[in-house]
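Here is the structure we will look at.
The figures that follow rest on heavy atoms only: side chains count, while hydrogens, waters and symmetry mates do not. Just so we're on the same page: letters track the sequence lines, and every chain starts at 1.
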Amino acid sequence: MDKISERNSPELDNAREKQRSLFLLIALYTLVFFLLVLLFPKENDMLYIPAYYFAVVTVLQSSYVIYYKFPFKSWPVAVLILFVILLILFVAFSIYITGLAAAYQH
Amino acid sequence: MNILNKIYTALIILLLTSSIFLVYRSNQKINYRAGCFSAVPIHTRQVFFTDTRSTEYGNFYEADPNYFAWGQVDQYFDNNRIDVPDSLHIEYFSYTDSVFYNSTLSLDRTDSTWGKYVKTKEQLIFTLGIADKGIIKLWCSTPILGTQLILAEQLPAVAPKPEDLYYREPLSKAQYITEMFSLLDDSIKNNIDKQLYLKNYKDSSDYKLPEYIFN
């Protein structure tokens with residue numbers, strides 16, 4: 001019995017740490033959003049909030065995936081891929097809308 | 001706790017502290033309106049409010065050199081979520097005497113009149129009046145405190161720097177003045193020649209804000 005608990009202890013610790021990281025990440029993702037809203041209160045700047053938000057959460061999600069060495073077919077990697085896709089979409093939209101505004105001005 | 005969770009916790013503390021500071025700063029910001037009129041034809045190069053706490057500018061709609069009258073503001077600019085200004089920057093070319101003005105005037109918060117407006121929770125409305133010979137008057141208005149003169153200065157004329165003489169391309173002072181006059185209506189040029197705009201506004205301290213501006 002003792003041997004089993006000794007063998008499971010590091011795995012259990014690791015699972016606990018993973019779960020703690022997950023809660024901390026959720027708190028971070030929420031706080032980052034509120035901080036960006038406070039940093040860019042003006043209507044013109046709000047356009048960039050999603051791009052900045054997804055850039056930050058992609059980095060945080062990558063740290064989670066890399067630190068715990070998640071396999072490719074796991075939900076944290078799927079979430080990371082989703083964040084990357086959303087980041088690309090919002091960056092592209094920001095560039096498009098900025099170019100459109102510049103063209104309209106001239 | 002592993003190193004990753006320690007980093008996440010440190011980040012959370014940092015973000016929370018930043019959010020609290022930003023909420024505090026956000027509560028210091030106000031909305032104000034700023035308008036400008038001139039008694040003489042001027043070409044406004046820059047006019048804006050600044051505050052040392054931020055890099056944001058409080059903007060004005062510039063005075064039109066072809067349509068001007070003392071006490072008549074064409075349009076007020078709405079400046080939203082911005083700090084109460086502590087200085088006014090103004091740069092313009094005066095057609096009547098062909099001189100350049102470029103000054104930054106500070107608004108003294110210890111002055112009792114301006115101090116009352118700084119502390120009020122009402123929306124502030126600034127009206128800037130520009131007259132001949134570099135005379136500047138700045139009024140502040142609120143529905144309860146009314147309209148009061150908070151700044152009256154006579155700016156010194158300055159020699160323009162090369163960047164002040166840029167209009168489509170770098171110009172000499174004489175070329176710049178010629179270019180500026182080409183933008184002016186002939187009737188106004190005639191009035192300048194006849195010296196019809198020479199009127200002293202140095203002692204003029206009254207301004208009545210139209211009632212509808214408060215609504």
Comparing T9(B), L16(B), L22(B), I7(B) against chain A, the one with the most heavy-atom pairs below 4.5 Å turns out to be L22(B)
Across all chains, not counting sequence neighbours, the side chain to side chain contact (heavy atoms under 4.5 Å, CB included) partners of Y48(A) are Y52(A), S94(A), T98(A)
Does E163(B) have more than 12 heavy atoms from other residues, nucleotides or ligands lying within 6.0 Å of its CD? yes
Heavy atoms of L35(A) and S19(B) approach each other most closely as CD1-OG, 3.5 Å
Practice problem: Check the surroundings of atom CG in N66(B): do more than 12 heavy atoms from other residues, nucleotides or ligands lie under 6.0 Å from it? | Solution: yes
Those residues at least two apart in sequence (or on a different chain) that pass ring-ring contact (aromatic ring centres under 6.0 Å, His included) with F100(B) are F93(B), Y176(B)
Does the side chain of N5(B) come under 3.5 Å of the side chain of Y67(A) through a donor N or O and an acceptor N or O? no
| field | K208(B) atom NZ, neighbour heavy-atom count above 12 within 6.0 Å | value | no
Heavy-atom nearest pair, Y8(B) first then Y64(A), reads OH-N, 3.4 Å
Practice problem: Decide if atom CG of D74(B) counts as having more than 12 heavy atoms of other residues, nucleotides or ligands within a radius under 6.0 Å. | Solution: no
Crowded around Y61(B) OH? As in, over 12 foreign heavy atoms under 6.0 Å?
yes
Residues 20-35 of chain A vs salt bridge (Lys or Arg N to Asp or Glu O under 4.0 Å), sequence neighbours excluded, gives E17(A)-R20(A)
Among residues 22-34 of chain A, residues within the sub-4.5 Å heavy-atom range of chain B, in order of number, are L24(A), L25(A), A27(A), L28(A), L31(A), V32(A)
